[in-house]
Amino acid sequence: MRKLLKKIFGSFVIRMANKYASNPKKERVHEALTNLFNHIITHPGKKGLLLDFHDKQPYIIFSDQHKGAKNYADDFNFGRKNYVAALAHYNLRNFTLVSLGDSEELWENSLEAVKKHNKDTFILETEFLKRDAFIKIFGNHDLYWDNDPLASFQLEKIYGSKVKIYEGLILQTLIGNNSLQIFLTHGHQGDLQSDGNWFSKWFVSRVWAPLQAYLQVNPNTPAFNNQLKSKHNQFMYEWAAAQQSVLITGHTHQPVFNSLTHLERLYINLDYARKNKDEAAIEKIEEQMRKERIYGAEMPNFTALKSNYFNSGCCCFSDGDITGIEITEGKIRLIKWAYASGKQPTRIILEEADLSTLITEV
């Protein structure tokens, strides 16, 4: 019966989940980002850290793990092995781990259940904390860490020492004689379905989670699905484009690099190849689009894009992939950890740019 219902209703449930999962308002998004950014600049330490960094301080940014209770509603289970392998890789190389919100799924699960079923990842995260290289930022699904009076006690029980929770982080550096600021926050601010909405939390925990568990469906389609930027990503890009800083968020589960999704970059490259009558490049891109089942390659109506918005994607895609952002060696990278041949977790660089190019853009 479950298989039949999943076949009949699975796609519909995923469409509805994606449609009603967010309700961002442009003015609210922009106001919230501006207020948080200014607060960190003027009062660093409480809501967010203001840190100087240099090339020898590498960062890995993961968001939206949504660690659950290892049941059919636990989307993190798909990519758990990749996440564990990634943390071991980055800890060995002395990266600082930035957990950019929604690390724990506390809308669908009790804290005790999440603690019980995710000891392996908490142990690995603790290794970063021991090096003073772990920065934890809250999102909407783990807002508990910010607003519950027992949160600090629970975090100390999990990690064995105190962990400060932040809403954002600003990394700043000098490249030559030019300054660069990178603003990181989860990105749920201004989303009416996520920003302090009790009904959304109730619906997810009491209706969506049991339904998802029963039908065994995951609304997080593979990392580079055939979509243009979501409305919320577009709002965050527009905010970043008006600033003199770079913005990195999560929340939408849609990876964005240099302000473009994978599909948008394909469209732009195809348009460029057509204008230059580069038949080899056209064939290569069209073959890639056929392989990825992208049809009807019509060029979207882009406005001028600044390359200063990034989104880390998520660690709970249904194909087991996880995506994140690396900042290291003077570069910023969008990376994916995927199950390669033999089901071995493998790091793949998807996009890469020099940090110096971001200064030009901002």
Side-chain angles (χ1 to χ4, degrees), residues 58-67 74-93 95-103 121 124-125 128 182 184 186-187 218-230 233 246 248-269 284-285 287-289 291-294 307 309-329 331-355:
Y59 287 82
I60 175 62
I61 301 148
F62 285 125
S63 73
D64 297 273
Q65 295 90 334
H66 290 274
K67 299 174 195 170
D74 186 355
D75 298 335
F76 178 62
N77 257 349
F78 294 93
R80 179 183 295 273
K81 290 182 181 178
N82 274 321
Y83 185 69
V84 167
L87 290 194
H89 170 91
Y90 292 116
N91 184 53
L92 186 64
R93 290 159 179 78
F95 275 67
T96 292
L97 170 63
V98 179
S99 185
L100 201 60
D102 284 3
S103 182
T121 62
L124 285 167
E125 290 168 355
F128 290 86
I182 303 175
L184 301 94
H186 180 63
N218 181 351
N220 302 296
T221 50
F224 285 133
N225 52 4
N226 306 338
Q227 295 180 11
L228 302 179
K229 274 194 294 292
S230 67
N233 269 329
V246 173
I248 301 177
T249 70
H251 184 60
T252 68
H253 295 198
Q254 187 182 38
V256 177
F257 188 85
N258 273 354
S259 304
L260 294 169
T261 65
H262 176 60
L263 179 60
E264 289 169 334
R265 194 173 303 281
L266 282 176
Y267 276 131
I268 288 176
N269 290 343
K284 183 178 180 180
I285 295 169
E287 173 61 26
Q288 182 178 359
M289 297 178 98
K291 186 177 181 181
E292 297 182 23
R293 299 182 181 180
I294 297 171
S307 302
Y309 175 58
F310 300 80
N311 192 297
S312 53
C314 76
C315 297
C316 56
F317 289 115
S318 60
D319 60 359
D321 292 358
I322 67 172
T323 57
I325 299 286
E326 292 179 1
I327 300 174
T328 180
E329 301 171 336
K331 297 182 182 297
I332 184 167
R333 300 184 181 115
L334 175 65
I335 54 90
K336 174 172 74 173
W337 283 76
Y339 298 123
S341 57
K343 298 294 183 181
Q344 293 301 312
T346 303
R347 172 181 169 271
I348 301 166
I349 298 175
L350 298 170
E351 304 275 0
E352 180 179 87
D354 291 334
L355 290 176

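It should be emphasised that the depicted structure is a prediction, and the values quoted were computed from it without experimental measurement.
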Next on the checklist: Nearest 0.5 angstrom please: Cys315 SG to His66 NE2, how far?
Outcome noted: 9.5 Å

Checklist entry - Can you tell me how far CD1 of Ile61 sits from OG1 of Thr96, rounded to the nearest 0.5 angstrom? => result 10.0 Å

Checklist outcome for this item: Nearest heavy-atom contact between Gly79 and Ile322 is O-CG2, 3.9 Å

Item to check | Between OH on residue Tyr309 and OG1 on residue Thr249, distance to nearest 0.5 Å | outcome: 3.0 Å

Next on the checklist: Contact between Asp74 and Arg80 at the side-chain level, heavy atoms closer than 4.5 Å - yes or no?
Outcome noted: yes

Item to check | CA sep, side-chain torsions, deciding dist, call: Ile248, Val98, side-chain contact (heavy atoms from CB on, under 4.5 Å) | outcome: CA-CA 11 Å; Ile248 301 177; Val98 179; over 6 Å; no

Checklist outcome for this item: When rounded to the nearest 0.5 Å, the distance separating CG of Leu92 from CG of Leu87 is 12.5 Å

Item to check | Rounded distance (nearest 0.5 Å) linking atom CG of Asn82 with atom NZ of Lys343 | outcome: 10.5 Å

Next on the checklist: Between Thr346 and Tyr339 (side chain of the first, backbone of the second, donor and acceptor by atom type, cut-off under 3.5 Å), is there such a pair?
Outcome noted: no

Next on the checklist: Keeping Gln254 on the side-chain end and Ser230 on the backbone end, is there a donor-acceptor pair under 3.5 Å?
Outcome noted: yes

Item to check | Whether Asp64 side chain and His251 backbone form a donor-acceptor pair below 3.5 Å | outcome: yes

Checklist entry - In chain order, what residues pass the side-chain contact (heavy atoms from CB on, under 4.5 Å) check against Ala353, with sequence neighbours excluded? => result Phe257, Asn258, Ile332, Thr357

Item to check | Check against side-chain contact (heavy atoms from CB on, under 4.5 Å), Tyr267 and Met289 | outcome: CA-CA 10 Å; Tyr267 276 131; Met289 297 178 98; 4.2 Å; yes

Checklist entry - Taking atom CD of Glu351 and atom CD1 of Ile325, what is their separation to the nearest 0.5 Å? => result 9.5 Å

Next on the checklist: Are Asn91 and Leu124 packed together at the side-chain level, in the sense that at least one heavy-atom pair is separated by less than 4.5 angstrom?
Outcome noted: no

Checklist entry - Any side-chain heavy-atom pair from Lys336 and Pro255 closer than 4.5 angstrom? => result no

Item to check | Ser63: partners by side-chain contact (heavy atoms from CB on, under 4.5 Å), with sequence neighbours left out | outcome: Leu100, Ser312

Checklist outcome for this item: Applying side-chain hydrogen bond (donor to acceptor under 3.5 Å, both in side chains) to Arg333 and not counting sequence neighbours gives Glu326, Glu329, Glu352

Checklist entry - Can Ile335 and Ile60 be said to form a side-chain contact (heavy atoms from CB on, under 4.5 Å), step by step? => result CA-CA 10 Å; Ile335 54 90; Ile60 175 62; 4.2 Å; yes

Item to check | Atom of Phe317, atom of His253 and distance for their closest heavy-atom approach | outcome: CZ-O, 3.3 Å

Checklist outcome for this item: side-chain hydrogen bond (donor to acceptor under 3.5 Å, both in side chains) filter on Lys331, not counting sequence neighbours, yields Asp354

Next on the checklist: Whether the side chain of Ser99 engages the backbone of Leu97 through a donor-acceptor N/O pair (distance < 3.5 Å, no angle test) should be reported.
Outcome noted: no

Checklist entry - Is there side-chain contact between Glu264 and Ser259, with heavy atoms separated by less than 4.5 Å? => result no

Next on the checklist: Which residues pass the side-chain hydrogen bond (donor to acceptor under 3.5 Å, both in side chains) test with Tyr59, not counting sequence neighbours?
Outcome noted: none

Item to check | Under the ring pair (Phe, Tyr, Trp, His ring centres under 6.0 Å) test, residues paired with Phe95 that sit two or more places apart | outcome: Tyr90

Item to check | Phe310 vs Ile182 side-chain heavy atoms within contact, under 4.5 Å | outcome: no

